Amino acid sequence: MSSYANHIATVQARFDAALTATGFDSVLIYAGQPRVAFLDDNAAPYKVNPLFKYWIPVLESPKSAIYYKVGEKPVVFLFQPRDFWHAQAEVPHEEWQQHVELVVIDEQEKMTAWLGDKLAAAAFIGEDFAEPVASWQVKARNPQALIDHLHFHRAIKTSWEIENMRAANKLAATAHLAARDAFFAGASELEIHHAYLAAIAARETQLPYNSIVALNEHGAILHYDMYQTKAPAQARSFLIDAGAFYKGYCADITRTYARESGFFADLIAAMDDAQQALLSEIKPGISYYQLHVSQHLKIAQVLSEFGFVKGSAESIYEQGYSSAFFPHGLGHFIGLQVHDVGGFLANDRGDTIARDPRHPFLRLLREVEAGQVFTIEPGLYVVDQLLEAHAGNNDFNWQRIDELRPYGGVRIEDSIVVGEDGNNENLTRDAFASLANH
């Protein structure tokens, strides 16, 4: 069997189990449709329902749907309206069409007519803000128990999913290298962003999230996406957090660069070493929370060695000092969504793992299992809002911190496929290595 054939068989089995466990025998997965802006008739960019593209790699066909009944062949209703206002999205002939019953419709009423009484017995998953979808008579709309069951199990990726994520990382790495070169050539943030898009012939709406393209002190703003149009007089540092899609699967890569050798370049190297040291600790059976704490201790060691804070790594962490420099979580699941779901689920019955008040922004608390894919993205920044709580504390070397402030900060992010016995795959580093060999 092909990897896609194995994938759709796995998806079908997961839906069979989820539907049976939650008292449904069928489901209608709606692809979604564009929303218009408030008091306007211009639609925001369309993003397909992730549980729709879990089945088939069709991303640009809004108002489509998949009907699936336990144990039967899925039916794909592919919406292709008769419309001379807009170009139709191209849906090439691909393998997925061999595994479904394909019904092409130009009106949604044709789908409901085809389904007939089956619609009333189905669970509906998707957005239902618009008519006629809002008035469809279904058994349940977005039942949480069903969604939780599906989300828990899709944390384990199929071989086909990992293949797509490898390809997405190679695309993103290609664009990252173009952005890096634009930085060293003296480009502005907006020009760097354009170089990123041009390298992979993408539009902004074809990326999984707004890229973070930050020069100098902007690197300390965790979700910076303003894009200054003029280059600064002196571009000292560059932090880029940007990704790519392939067949609906995400890459999410962060890299930080120093224009010149010296203090900040040494800090980047130390943070890279700290991230790489943590990667060797990833193995099934430990909790992701343990990894997060371990990374804090490694960053605390960097803070000590570079003279930002006095004390041992353990004392810096225990006193909460490291959180002033590393305020976000270590990472998150990634796959169909850049921040993939299920990170707080304890089981497929919907029980959740309580967030830890010490680290409230951590998006993933589950035990590590083979087949999971998640990011590892430690950071170290000068965030004045966080440092205010430590004003006047002599454990902090404020002069040294002031030296870092003009550079913003450092973040390094890779995506890891968990293997058995710690035999992991680094999708991100492998992608960069493959490009270096060409």
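As the structure is a prediction and not an experimental result, all values here were calculated from the model. Numbering starts at 1 and runs along the sequence shown.
- The aromatic rings of Tyr289 and His292 are tilted relative to each other, their planes meeting at an angle between 30° and 60°.
- The six-membered or imidazole ring of Phe333 lies away from that of His339, with a centre-to-centre distance of 6.0 Å or more.
- Comment: Asp430 does not engage Lys170 in a salt bridge, judged by the lack of any side-chain N to carboxylate O separation of less than 4.0 angstrom.
- Using a 4.0 Å cut-off between a side-chain N of Lys or Arg and a carboxylate O of Asp or Glu, Glu420 and Lys283 do not qualify as a salt bridge.
- Of the candidates His332, Arg363, His151, Lys157, Lys157 is the only one forming a side chain to side chain donor-acceptor pair (under 3.5 Å) with Asp340.
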Below 3.5 Å, can you tabulate the donor-acceptor pairs from side chains in residues 199-208 to any protein atom, sequence neighbours excluded?
unit_1, atom_1, unit_2, atom_2, d
Glu204, OE2, His193, NE2, 2.7
Gln206, OE1, Arg203, N, 2.8

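- The residue from Leu239, Ile240, Ile212, Ile412 that alone fulfils the side chain to side chain contact (heavy atoms under 4.5 Å, CB included) condition with Thr254 is Leu239.
- Residue Gln144 places its CD atom among more than 12 non-hydrogen atoms of other residues, nucleotides or ligands, all under 6.0 Å distant.
- No more than 12 heavy atoms of other residues, nucleotides or ligands sit less than 6.0 Å from atom NZ of Lys69.
- Listed by first and then second residue, the ring pair (Phe, Tyr, Trp, His ring centres under 6.0 Å) pairs involving residues 361-381 are Tyr288-Phe374, His328-Tyr381 (not counting sequence neighbours).
- Partners of Ile221 according to the side-chain contact (heavy atoms from CB on, under 4.5 Å) rule, which considers only residues two or more places apart in sequence or in another chain, are Tyr224.
- His153 and Asp348 share a donor-acceptor pair across their side chains, judged by distance under 3.5 Å alone.
- Look at Arg255 and Asp241 and you find no salt bridge, because none of the NZ, NE, NH1 or NH2 atoms lies under 4.0 Å from a carboxylate O.
- Formation of a donor-acceptor pair under 3.5 Å by the Gln275 side chain with backbone atoms of Ile376 is found in this model.
- If you check the side chains of Glu367 and Ser287, you find no donor sitting under 3.5 Å from an acceptor.
- Residue-environment remark: CG (Asp421) stays at or below the threshold of 12 foreign heavy atoms within 6.0 Å.
- Ring orientation note: the planes of Tyr249 and Trp160 are nearly perpendicular, at an angle over 60° on the 30°/60° scale.
- No hydrogens or angles considered: a donor-acceptor pair under 3.5 Å links the side chains of Asp252 and Tyr209.
- The closest side-chain donor-acceptor pair between Glu131 and Ser135 falls under 3.5 angstrom.
- For His99 and Tyr4, the ring centers sit closer than 6.0 Å to each other.
- Separation of atoms OG (Ser211) and CD (Glu189) is listed at 12.0 Å; rounding is to 0.5 Å.
- When atom types are taken as modelled, the side chain of Asn49 and the backbone of Leu51 share a donor-acceptor pair closer than 3.5 angstrom.
- The pair Lys53-Glu60 does not count as a salt bridge, with every side-chain nitrogen at least 4.0 angstrom from each carboxylate oxygen.
- Considering Ile66, Leu115, Val75 in turn, Leu115 is the only one that fulfils the side chain to side chain contact (heavy atoms under 4.5 Å, CB included) rule with Leu28.
- Side chain of His149 to main chain of Gly350: no donor-acceptor pair is present (N/O by atom type, distance under 3.5 Å, no hydrogens or angles).
- Around OH of Tyr46, the count of heavy atoms belonging to other residues, nucleotides or ligands within 6.0 Å exceeds 12.
- With respect to the salt-bridge test (charged N to carboxylate O, under 4.0 angstrom), the residues Asp272 and Arg429 qualify.
- To the nearest 0.5 angstrom, Thr256 atom OG1 is 13.5 Å from Arg180 atom CZ.
- The OG atom of Ser64 sits 9.0 Å away from the CD atom of Gln108 when rounded to the nearest 0.5 Å.
- Looking at Thr428 and Asn169, their side chains do bring a donor and an acceptor atom within 3.5 Å of each other.
- By the 4.0 Å N-to-carboxylate-O rule, Lys247 lies too far from Glu161 to be salt-bridged with it.
- The local environment of CD in Gln385 is sparse, with at most 12 non-hydrogen atoms from other residues, nucleotides or ligands closer than 6.0 Å.
- Judged by distance alone, the side chain of Tyr317 and the main-chain N or O of Ser323 form no donor-acceptor pair under 3.5 Å.
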